[in-house]
Structures are given as structure tokens and as C-alpha cells.
There are 2 protein chains.
Amino acid sequence: MPDSLDPPAAARTQTNRARRSTGRSVLSDVAKLAGVSTATVSRVYNEPDKVSANVRERVEHAALTLNWFPNAAGRALASTRSHIAGIIIPTLDDRVFASQVSGMQAAFAARGITLVLGCSNYDPAQALTQVRAMLARGVEAMAVVGEAHPAELFDALRLYRVPYAVTYAYRKDSPHTCIGFDNHAAYAEITEHLIGLGHRAFAVCIQPTRDNDRVQARVAGIRATLERHGLAVRPEHMFEGESTMGFGRRSLRTIWQASGERPTAIICGNDHIALGVLREAEELGIAIPGELSVTGFDDLEMAQEIRPALTTMRVDTYEIGQLAAQYLLDTLDGKRPLHGHEVHALFQLRQSTGPAAR
Amino acid sequence: MPDSLDPPAAARTQTNRARRSTGRSVLSDVAKLAGVSTATVSRVYNEPDKVSANVRERVEHAALTLNWFPNAAGRALASTRSHIAGIIIPTLDDRVFASQVSGMQAAFAARGITLVLGCSNYDPAQALTQVRAMLARGVEAMAVVGEAHPAELFDALRLYRVPYAVTYAYRKDSPHTCIGFDNHAAYAEITEHLIGLGHRAFAVCIQPTRDNDRVQARVAGIRATLERHGLAVRPEHMFEGESTMGFGRRSLRTIWQASGERPTAIICGNDHIALGVLREAEELGIAIPGELSVTGFDDLEMAQEIRPALTTMRVDTYEIGQLAAQYLLDTLDGKRPLHGHEVHALFQLRQSTGPAAR
DNA sequence: TTGTAAGCGTTATCAC
DNA sequence: GTGATAACGCTTACAA
């Protein structure tokens, strides 16, 4: 008779136990085995010093015996803390982003936070989708590379009160917290260097500017600097393409085959492209830096090994990742950290740049 | 009086609402606004065709209005499905692993599964820690690079009935499902190639073998092949070091400075190292391949651009990632997919290898 | 096709 | 210091 009220519940419990066919145990199993309440078990893991040593020991032993550890979903639901953070990068194919992820992951892991990675493939729509998915996962903080994203992306982050940082790029008057370097200034520095060497005719081989504020800033940095000296890049010397040696090689060939005045310096969007230019120059018998100066960006190991060694700039992207994580952790801790953090790109003067040819 | 029973509950609800200070709405809010039950809202997102078009529309509209989307933790808890998969790689610094992650992520994302990444930094203990963390997160499937991991790692995976695959390495008689290529065979092929060219004295410059079954297999492949021809690498011609050009350069210098017979071929653990050897050879005035043959692995873009172009092998690691994801998805779907999948490393014959010098 | 209500595995409030 | 027990946001039998 007493049963008659229970059957459904009993059956259900049965079902659940059955569904979890494995030996997977739950917190209450541990509590039972240790002879304490569930609250106590929870305390052992969340506020250990509020539990007597004796009890703590029993619980830990029971947990070990049952091979139990807390279920993250249950935890997240009850505590309204997911212990998840997210990062959106364009692609893992570029090591500057990969190392940023490493840096963030290391810093977050040290605080028990899992980093979830999303790649946008340079597509704003994908970035938005990824952010939404992360919001659904209850990310507590987010980092996104660059600020060329749909307004909805940042709106969603604000609406859900998720602290975030824009990384890789730094702009003083950005509405976002930025942790990175000033792309505009970096390319201005490169350009000044070349102008200082007497160059007046420039070519630029750079990654696609579309949907990419970092690259846009670089181009703007070049343009503004040249303009200040009454100079400009001729449209036919402006090349946009993938980040490969192949693109660099093709661009230089095109430039050299064209009639008209040749540039005496080529500013490249990164080392891959610059390495391609250097390679093609060798093929075409162009003297570097005698006849042509070339600059890169990123400072790959090959940049200092190739002959002539490549003049380029170096940025510590692993550090950017760590700083971003630190900023976000501080924010979560309720500290009011500085608004953003500028990292500096360091100029590496090598042999691929020299005085302009006559 | 009636109140006297309720206050706690009422206060609690109050507290909870307060805690969620933002406009963050929950499923029941949507249900209320749409004038349906919570079950129906759930169905709209999980079994859409079991809901009439009219109702579905109302719910979707309500969700949009309230800016609601399902909370993953609640979902995971109720459905006992986390929609999370994990991958453990040694490091993101190596693009072969980074692209594997990309491939997996793309394949999983297409099925609504979030990929969580863990880096072991080539440390078995860290790999184990990461796997445990992922288990706590309720990963539904896992991929781990290589099989040189603590037994507890695979035990835990089995205990929790989480389907997994070992990636990057493939070994026919492995106890695990492998998706990758045969490192032993690949290096046997390289070695055969050189032997076929008449080489009899070899040097090897390779990554650390410790805790790394892939590298161990490569060395074993070289050794077994040489042995079959009655040959062996002299201990003083066996170098282990980081995966950099610098290591390649230093190794060659050491070899060339030593007294005693010089090798006529150097087998490198990857292209970075080989590129360093090539660079140092240039510096030392060693003719490649006249005086010395050099091989790499991975086929970086630079391998075909450098002069002489580097003989190496190419593996599609993005594909490995995709295949691994597919295998895991099939397993989750209850299909019984083939046991593992072998991908092939493709030999790229270029100019850095040639007939052995007299 | 839709609603009711129990339960997923934790944490957190309150009382003891 | 410890225990009861109600949430947390969702899914899913089962009933209607």
C-alpha cells in the first residue's frame, strides 16, 4: 500500500540509475559512504577549512574509493558559475594567435578555469555565432581578437554582463578594453625607418584588409606616415593577398615585370610574405638591400636565419594572452583593473633594409 | 499566518531573482510569454516537428523578444549530454597539432559540439590532469595525441565510458583506436630512400624521445631500416633537441667539427630542424646534396621555397582532425565505425637529397 | 499536439 | 561544524 504512492517515483529513480549504467557515482553516494550530508561533501571541496579535519579525511577517502569528482554541469547550475572562459581568434593557422591561446589557457588553468576556443576564420558572422554559443555555455569572460566585429557581438556580451577584452590590437580611443599593441604605430615605425633611409617609392604586400581592423590599422599607419612626408603608395604597388611566401613571390614578380618606376622598398604584412619577397628577389637577381629594401612582421625564427636577415618587428603574443587572462580574472574577482594594456612591438633591425638605391 | 510557512521560500526566490540582476531570462519566462508550457518550449528547440507551426512561431518570437537561449548547464544536467568533446595535444606551437585542432573543431561544430582544448606541454602528468578536468566537464568524447600517456589516463576514459581516439600516430597493433599515420613506416621510407642513394653513414637530429611515442617510432623506423642493411647510427651522430632551426644548426656544426668519419646524410625530425641544418651547411660551405643529403618532415611552405628545396614528407593533419571527429561522432551515434583509420605520409622528393658522396 | 511535474548533480541558506 | 532541503534551468516520461 505505501508503495502505491511511490511506484512512479521508484520507477523513475530506477530509470535514472539504469541510464547511468556505468559506475559513475554522484555526490550523494560519497556523502552516504562517508556518513555525512551532501552539504558537507560540497564544503570539503569548496570551503575546506569550514570542515573538521576528521570529516574531511573521511569524505576524501570516500570520494577516492568511489572515483568521484564533482560534475561541472551540476556545479554550474547550482553556483551560477561555469568556470569557463572563451576566446575567439581568426585562425589557429597563424602562430601569433595560437600562442595567444596558449598564454590565456595557461593563466586560466592556474585558476581552474577552462578556456573554450572558437575560430572565426576571419568571418564576422562566424565570430558572432561562436560568441552566442559561448554565451549559452555560460562563459564568465571572453577575449576576442580585434574589434572589427558585428555590433551585436559586443551588444550580446554587454547584455549578458560578460566581461571581455579585445586582444592583439590596442587603440587608445577604443570603446573596448584592449590588450595588445598599436598596429598603426608599429607600421608607422617601419615606414619611418625606411623613409629615414631615403626611400621614396614604396610597395605594400599585406593580408586582406576586409573585416580586419589590425591590417587596416597597419595600412593606415603606412599611409599616414608617408603622407606626412608628402608621399604615397601608388595603387599598382598595393597588394592584398594570403599570408604565404607564394603571395610575396607573385607580388614582387608583378612589380618587377611592370613598366614604370619601381619601388625601392617593400613593406610586408608579415614575415611569411616578406620571406617570399626575399626568395623571389634572389630568383630575379635583385640585390637586397642594395636595390630593394624589405620588411616583415612577427619575427619568425627564419627571419633571423635567412640571408639577408629580415628586418621585422617582434610582439610577445603569448604575453598578450596571459595579460588578457589576468585582466579578466581580476575583473571577475571584482578588482577594477586598469582599462586595457598596451604591449609593444619591438623593431628588429637586420640586413634586408638599407639606404635607398639612387 | 499562512505567510509564516512561506517566508523562507519567498525570500529565497527573491534572492535568486536578485542575484540574476541582469535581464537574463530563462525558459519558463519564454513559456509564460508565449503562453505555453516549459515542455513545449523545450520541444521547439529539441524536437521541432513535434510542435505545431503556430505554437513554434509564438515560442520563437517570445525567445527573441526576451533574448533567450538555452542554458547549457541546465541542458547538460537534464539530458545527461554535455555536447562537449575534448582534445589533448602537446602544444599549439606546432602547426601540425594546431591544424588537427582546427579540423576537429570544424567537424564537431557542424554537429553542435563544442571542442575543449588541453595542452600537455609534452608532460604526461599534465595530460592526465587535463583529461580529468574534461571528464568533470562531462566530455562525451576525447582525442589524445599519441599513446605515450599514463595508464590512468586511458583507464579513466574507459571507466567513464568516454569514447576516445589516439591521433597523429597510427599503429596496427595498438590497443587503442588510432587515427593518424605510421611514424615508423614514414621514417623507414626516408631511410630507404637514402640507402638507395648509396648512403652508409647517417646522422639523426630529432626532437626529444622522452614521453613521445611518435618520435620514438621514428627513431625505431630509422634504426630498424638501417639494421636491415647492416648499418647503424653512431652514438655521436645521434642528436636530440628542440624543434628549432637553431638545434639543427648547432648539431651540424658539432658533427662537422668532430674528428672521425662524417655522415653523408642527416635525417631530421622535422622541417624546422632540417632548415637549420641547410642554413648551417650554407654557412660552412657544405654542398647539398653533393657532400651531404638532408631530409625533413612536415613539408612547411619554406621547404619547397628554400634552395636547395628540402626533401621531406607531408601529412594532412587537418584531415586527421576531421577523421577523428567523424569517428567519435559515429561512435556517439551508436554506429560501429571501423577501428581506426590510417592516413599516409607522402614523400616529397626534392633537391636536398642525392647520391652519397664518395 | 500539449501540459504536468519529477529529476539531473550540485550549491547555498538556514537551523541546529 | 554539520545537516535538511530548496533552488539552479532544463528535459522527459507520462498523462491528457
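These values consider heavy atoms only, across backbone and side chains, with no hydrogens, waters or symmetry-generated copies. Residue numbers start from 1 in every chain, and the chains themselves are labelled A, B, ... in the order their sequence lines are given, proteins ahead of strands.
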- Item | Pair A/N46, A/R75: side-chain N/O donor-acceptor within cut-off below 3.5 Å | yes
- Message: Regarding B/V41, tell me which of base, sugar-phosphate or nothing describes its non-hydrogen contacts under 4.0 Å with the strands shown.
- Response: nothing
- Donor/acceptor link under 3.5 angstrom from B/R24 side chain onto base of D/dG9: no
- Return the minimal non-hydrogen interatomic distance between A/L332 and A/A141, and the atom names on each side. CD1-CB, 4.4 Å
- Round to the nearest Å and state the distance from B/N46 atom CG to D/dT12 atom C1'. 10 Å
- Counting side-chain heavy atoms from CB outward, which of C/dT4, D/dC8, C/dT2 is closest to B/A39? C/dT4
- Message: Distance check needed: D/dC10 P versus B/D29 CG, whole Å only.
- Response: 9 Å
- Starting at atom CZ of B/R56, determine the distance to atom P of C/dT1, rounded to an integer number of angstrom. 10 Å
- Message: For a quick test of reading the model: is some side-chain N or O of B/S52 closer than 4.0 Å to OP1 or OP2 of C/dT2?
- Response: yes
- Task: May I ask you to verify if any side-chain N or O of B/T40 is less than 4.0 angstrom from the OP1 or OP2 atom of C/dG3?
- Result: yes
- Query: Does B/R75 have a side-chain nitrogen or oxygen under 4.0 Å from the phosphate oxygens OP1 or OP2 of D/dT11?
  - Reply: yes
- Quick one: which of D/dC10, D/dT12, C/dT10 gets closest to the side chain of B/S79? D/dT12
- Task: In whole angstrom, give the distance that lies between atom CZ of A/R58 and atom P of D/dG3.
- Result: 8 Å
- Closer than 4.0 Å, any side-chain N/O of B/S42 to the OP1 or OP2 of D/dT11? yes
- Note on the structure: Between A/T91 and A/C119, the two heavy atoms sitting closest are CA-SG, 4.4 Å
- Message: On DNA chain D, compare the nucleotides closest to A/D49 and B/A73; which residue's is nearer the 5' end?
- Response: A/D49
- Message: I need the CG-P distance between B/L66 and D/dC10, as an integer number of Å.
- Response: 12 Å
- Return the nearest nucleotide to the side chain of A/R43; candidates are D/dC10, D/dT2, C/dT2. D/dT2
- Task: Would you indicate what A/F69 reaches in the nucleic acid, counting non-hydrogen atoms under 4.0 angstrom: base, sugar-phosphate, or nothing?
- Result: sugar-phosphate
- Determine, step by step, whether B/L115 and B/I87 satisfy the side chain to side chain contact (heavy atoms under 4.5 Å, CB included) criterion, reporting the C-alpha distance in whole Å, the side-chain angles of both residues, the deciding distance to 0.1 Å, and the verdict. CA-CA 7 Å; B/L115 182 64; B/I87 181 170; 3.9 Å; yes
- Item | OP1 or OP2 of C/dT10 under 4.0 Å from side-chain N/O of A/N71 | no
- Note on the structure: Of B/A76 and B/N54, the one whose nearest nucleotide on DNA chain C sits closer to the 5' end is B/N54
- Taking atom C1' of D/dT2 as reference, at what distance in whole Å does atom OH of A/Y45 sit? 17 Å
- Item | B/S37 side-chain N/O to C/dG3 phosphate OP1/OP2 under 4.0 Å | yes
- Task: Walk me through it: do B/Y327 and B/H341 pass the test ring-ring contact (aromatic ring centres under 6.0 Å, His included)?
- Result: CA-CA 9 Å; B/Y327 163 79; B/H341 197 303; 9.9 Å; no
- Difference in axis direction between the ends of the helix from C/dT1-D/dA16 to C/dC16-D/dG1, five pairs, 10°: 30°
- Item | Rounded distance (Å) that lies between atom P of D/dG1 and atom NZ of A/K50 | 9 Å
- Indicate, with yes or no, if the rings of B/Y45 and B/F69 have centres closer together than 6.0 Å. no
- Query: Below 6.0 angstrom between ring centroids: does that apply to B/Y168 and B/F97?
  - Reply: yes
- Query: How long is the line joining CD of A/E47 and C1' of C/dT10, in whole Å?
  - Reply: 13 Å
- Task: Over all heavy atoms of both residues, which pair between A/A325 and A/A107 is shortest? Give the atoms and the distance, please.
- Result: CB-CB, 3.4 Å
- Task: From the options D/dT11, D/dG3, C/dT10, select the nucleotide whose nearest atom is closest to the side chain of B/T38.
- Result: D/dT11
